[in-house]
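Input: a single structure, listed below in structure tokens.
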Amino acid sequence: MRVLIIGGSGFLGAELVRRATAAGWETAATYCSRPGDLAGVAWYQLDLRVPGHVDEVLAGVAPSAVINATSGGSDWAVTADGSVYVAMAAMRRGCRLVHVSSDAVFSGSRIRYDESCLPDPVTPYGAAKAAAETAVRLLAPAAAVARTSLIIGHGGSVHERMVHALATGTGDGVLFTDDFRCPVHVDDLACALWELAVSDQAGMFHLAGADALSRHELGLLIAQRDGLDAARLSVGCRAEARIPGALDVRLDSRATQRRVRTRLRGAREFLRVR
């Protein structure tokens, strides 16, 4: 069996690559500017903005399954159009497709969102992600689309690096007390995505942690786990900062949890000091 992980050099992608190789799959992965450093992986540079390039990579790899874990931010050509190119190429070749989406597709107007909720994005990134997941579901009805939230790991995630920078005085920023999400551990997320990749389950899935936390609460837990001075973490209100985007988005993963074996732990559990 052969798997292609789009965005394999990213934070989530790297964990997916590790799991694929550990499972004994022939593993190929793509990168934008720099390949990953895991041995036994075939690395392909890929520009998702070029539809022919996507076809070339899939033709070269001939994968059984494709996991699209790339993140192009608010770049529509990468996040939206690129995901469409991946879905079209995967369907032409009869590949199993798992597409990773985001809680950014929601405005926060209803706070709690289950898998049946329709996107109502309020940022360019959210709009691109919403367009991508909608196109994937139409082009590839047999695909699995998985929305997730803030991804936390063993120190390498964006939020963890920010907390360390604030606590050590090497960076600037604010941790908001009114900006809520449901953080998920990268190990749990990658395991659940891999579970979907080797199954035939289709439709929408929510892969987020069980706990809803503000970014400041999350920062405190990270600081406690890592032995940092939490008093140095700057605190603020996102509403007062007038930064665009949803304030409170809580993915309800209960229906998905009944369909996957992987237990999606809450941040209070996976960041608990042992």
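With Leu166 as the fixed residue, the side-chain contact (heavy atoms from CB on, under 4.5 Å) test singles out one of Leu175, Asp229, Leu228: Leu175.
Counting all heavy atoms, side chain and backbone alike, Ala89 lies closest to Val54 at CB-CG1, 3.9 Å. The two residues Ala239 and Asp178 have their closest heavy-atom pair at N-OD2, 3.0 Å. Between Trp25 and Thr27, the shortest heavy-atom contact is O-OG1, 3.0 Å. For the pair Glu115 and Arg147, the tightest heavy-atom approach, listed with the atom from each and the gap, is O-NH1, 3.9 Å. Residue Ile6 comes nearest to Thr30 through the heavy atom pair CA-OG1, 3.4 Å, listed as atom of the first residue, atom of the second, then distance. In terms of heavy atoms, Ser109 sits closest to Asp120 at OG-OD2, 3.5 Å.
The pair Arg215-Asp179 counts as a salt bridge, with a side-chain nitrogen and a carboxylate oxygen less than 4.0 angstrom apart. Using a 4.0 Å cut-off between charged nitrogen and carboxylate oxygen, Arg19 and Glu15 count as a salt-bridge pair. Salt bridge Arg181/Asp248: absent, no basic N to carboxylate O contact under 4.0 Å. Using a 4.0 Å cut-off between charged side-chain N and carboxylate O, Glu160 and Arg225 make a salt bridge.
A cation-pi arrangement is absent between Arg250 and Tyr113 under the rule of less than 6.0 angstrom and at most 45 degrees off the ring axis.
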- [ ] Let me see the working for Val98 and Trp194 under side-chain contact (heavy atoms from CB on, under 4.5 Å), right down to the final yes or no.
- [x] CA-CA 9 Å; Val98 177; Trp194 184 247; over 6 Å; no
Task: Trace of the side chain to side chain donor-acceptor pair (under 3.5 Å) decision for Asp114 with His206 - done: CA-CA 7 Å; Asp114 64 22; His206 280 185; over 6 Å; no
Open item on the list: Working note: Arg263 + Gln257, criterion side chain to side chain donor-acceptor pair (under 3.5 Å); need CA distance, chi angles, decisive distance, verdict.
Closed with: CA-CA 7 Å; Arg263 190 169 71 88; Gln257 193 66 91; over 6 Å; no
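Within a 6.0 Å radius of CZ in Arg92, more than 12 heavy atoms belonging to other residues, nucleotides or ligands are found. The neighbour count for Arg49 CZ, taken as heavy atoms of other residues, nucleotides or ligands under 6.0 Å away, does not exceed 12. Open room surrounds CE on Met88; 12 or fewer heavy atoms of other groups in view lie less than 6.0 Å from it.
A heavy-atom distance below 4.5 Å is not found between the side chains of Phe180 and Leu247. In this structure, the side chains of Leu46 and Tyr31 stay at 4.5 Å or more apart for every pair of heavy atoms. With contacts defined as side-chain heavy-atom distances shorter than 4.5 Å, the pair Leu12/Leu189 qualifies.
The closest donor-acceptor contact from the side chain of His53 to the backbone of Asp47 lies under 3.5 Å. Checking side-chain atoms of Arg161 against main-chain N and O of Gly156 turns up a donor-acceptor pair under 3.5 Å. Between the side chain of Arg96 and the backbone N or O of Leu196, at least one donor-acceptor pair lies under 3.5 Å.
A distance of 9.5 Å separates OG of Ser149 from CG of Leu213, quoted to the nearest 0.5 Å. Interatomic distance, Arg268 CZ to Asp211 CG, rounded to the nearest 0.5 Å: 5.0 Å.
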